[in-house]
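Notes follow once the structure below has been shown.
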Amino acid sequence: MTAIALSSDGSDTHPTPGADATSAAPDRLHSPVIAWFEQHARDLPWRRPDAGAWAVMVSEFMLQQTPVNRVLPVYEQWLARWPRPADLAKEPPGEAVRAWGRLGYPRRALRLHGAAVAITERHGGDVPAKHSQLLALPGIGEYTAAAVASFAYGQRHAVLDTNVRRVFARAATGVQYPPNATTAAERKLARALLPEEESTAARWAAASMELGALVCTAKNEDCARCPIAAQCAWLQAGKPAHEGPPRRAQTYAGTDRQVRGKLLAVLREAVAPVPQAVLDRVWDEPVQRGRALDGLVADGLVEPLAGGLYRLPLS
């Protein structure tokens with residue numbers, strides 16, 4: 001069975017393959033997914049009642065493209081050192097890059113530092129609750145603003161990360177994977193599936209995300225454990241294979257990303273500016289090494305000094 005469209009009088013019509021299915025009674029999805037979440041949600045520190053909005057924001061920055069098990073130790077150290085945005089704002093941005101460690105995509109550390117400075121200057125050090133104010137912070141896009149407003153303040157927003165998009169693609173539209181980039185149709189569907197009550201909508205956002213992370217995974221999905229398997233358009237259609245562009249796994253070994261990571265690792269460990277000759281030893285191929293270093297400088301992650309020295313940024 002694919003997503004069921006409703007006729008004007010509310011009765012079921014013929015199933016419509018691939019329909020965006022603002023479907024047939026979204027509340028039929030809410031209750032089982034939220035009930036499953038109440039039983040199976042992981043005990044994560046940013047979900048605890050005393051976590052606070054800053055802790056939620058830090059977690060959202062760190063969890064982008066990085067699994068929970070890698071985030072947890074860095075997150076704990078980060079909050080112990082910088083429990084409020086003002087604590088981070090007082091430090092040079094390079095300290096955020098240093099503390100980011102090997103989480104990857106270190107520009108997120110600079111963006112989080114920039115957000116902390118703006119929160120301190122514009123909002124008295126408190127993470128704002130209004131979605132528009134969150135969205136106006138540097139380094140914060142639509143997803144992060146919606147996630148913080150929802151998870152920290154219990155507001156009603158469509159929170160579309162990769163896990164949620166995959167759940168909606170399968171359960172509501174009957175396809176294995178969502179498009180590579182979020183589409184207007186996905187946003188429309190997400191809004192249509194939002195519960196009306198704010199607190200329920202916030203719980204639904206967290207629950208559908210957790211379902212995608214633990215059960216409706218990208219590979220080896222566990223449909224037997226899914227609370228909405230009986231309503232899943234993709235499962236009921238026989239789990240048709242993905243028909244879009246091939247989904248290529250990201251490579252790391254030998255890429256500029258790997259070289260950048262090695263260069264940053266040296267600078268994070270250093271207590272004084274590092275000579276070019278020391279950085280040259282981390283990668284044999286000079287053209288790629290030079291390109292990676294230039295990229296780090298251009299991104300504001302590394303600061304060049306006179307005499308061929310480099311350090312993490314101080315401003």
Side-chain angles (χ1 to χ4, degrees), residues 44 46-47 51-68 70-71 74-75 78 82 85 88-89 93 96-97 99-100 103-123 125-169 177-194 198 201-202 204-206 208-210 212-213 218 250 257 260 295 298-301 313:
L44 299 175
W46 47 85
R47 287 180 178 162
W54 173 239
V56 171
M57 179 177 285
V58 170
S59 75
E60 287 300 332
F61 271 81
M62 290 185 173
L63 287 165
Q64 293 168 24
Q65 299 177 289
T66 308
V68 166
R70 288 183 58 204
V71 164
V74 180
Y75 168 90
W78 190 285
W82 299 309
L88 176 58
V97 177
W100 199 256
L103 284 183
Y105 303 98
R107 276 178 289 182
R108 291 179 293 168
L110 289 182
R111 291 174 184 144
L112 185 50
H113 183 274
V117 171
I119 290 166
T120 303
E121 294 175 348
R122 302 176 195 172
H123 303 287
D126 294 321
V127 176
K130 289 185 178 179
H131 180 267
S132 59
Q133 292 176 325
L134 288 164
L135 200 54
L137 295 173
I140 292 197
E142 175 58 39
Y143 165 77
T144 305
V148 173
S150 179
F151 301 151
Y153 293 114
Q155 296 174 15
R156 184 178 183 271
H157 294 282
V159 183
L160 275 174
D161 82 333
T162 301
N163 290 312
V164 176
R165 293 175 62 225
R166 186 169 56 252
V167 169
F168 289 178
Y177 298 118
N180 289 332
T182 306
T183 65
E186 288 181 282
R187 293 188 180 96
K188 179 182 177 182
L189 174 60
R191 290 192 296 269
L193 290 174
L194 266 179
E198 271 205 331
W204 162 251
S208 53
M209 188 177 293
E210 190 78 333
Q250 287 187 332
R257 274 187 62 217
R260 285 164 61 103
D299 289 341
L301 290 161

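With rounding to the nearest 0.5 Å, the separation of CH2 in W100 from CE in M62 is 5.0 Å. Between atom OG1 of residue T182 and atom OH of residue Y143 there is a gap of 11.0 Å, rounded to the nearest 0.5 Å. Distance check, rounded to the nearest 0.5 Å: CZ of R187 to OG1 of T183 gives 7.5 Å. One distance of note links CZ of R156 with CD of E198; it measures 8.5 Å at 0.5 Å rounding. The distance from atom OG1 of T162 to atom CD of Q65, rounded to the nearest 0.5 Å, is 8.0 Å. Here H157 contributes atom NE2 and H131 contributes atom NE2; the two are 5.0 Å apart, rounded to the nearest 0.5 Å.
Looking at R257, its side chain never comes within 3.5 Å of a backbone N or O of Y105 through a donor-acceptor pair. Panel note: side chain E142, backbone L160; no donor-acceptor pair is recorded below 3.5 Å.
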Residues V127, Y153; criterion side-chain contact (heavy atoms from CB on, under 4.5 Å); working and verdict: CA-CA 10 Å; V127 176; Y153 293 114; 4.0 Å; yes

Using side-chain contact (heavy atoms from CB on, under 4.5 Å), reason through T144 and L134 one step at a time and then give a plain yes or no. CA-CA 8 Å; T144 305; L134 288 164; over 6 Å; no

Between V58 and W82, is the side-chain contact (heavy atoms from CB on, under 4.5 Å) condition met? List the steps. CA-CA 10 Å; V58 170; W82 299 309; over 6 Å; no

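Between V159 and V164, every side-chain heavy-atom pair lies at or beyond the 4.5 Å cut-off. Side-chain contact between I140 and E60 is absent, with no heavy atoms from C-beta onward closer than 4.5 Å. Counting heavy atoms from C-beta outward, Y75 and S59 have side chains that approach closer than 4.5 Å. Considering only heavy atoms from C-beta on, K130 stays 4.5 Å or farther from P128 through its side chain. Considering only heavy atoms from C-beta on, W78 stays 4.5 Å or farther from L103 through its side chain.
The shortest non-hydrogen separation linking A99 to V74 is O-CG1, 3.5 Å. P178 and E186 get closest at one heavy-atom pair: CB-OE2, 3.4 Å. The two residues P138 and A118 make their nearest non-hydrogen contact at CD-CB, 3.6 Å. Between F151 and A206, the shortest heavy-atom contact is CE2-N, 3.6 Å. G300 and P313 make their closest contact through O-CG, 3.2 Å (heavy atoms, listed as atom of the first residue, atom of the second, distance). For the residue pair S150 and A205, the shortest heavy atom distance occurs at OG-CB, 3.8 Å.
Residue pairs satisfying the salt bridge (Lys or Arg N to Asp or Glu O under 4.0 Å) criterion with at least one member in residues 108-122, sequence neighbours excluded, are absent.
Results of the side-chain contact (heavy atoms from CB on, under 4.5 Å) test with P85 over I119, D126, L137 single out I119 as the only residue that passes.
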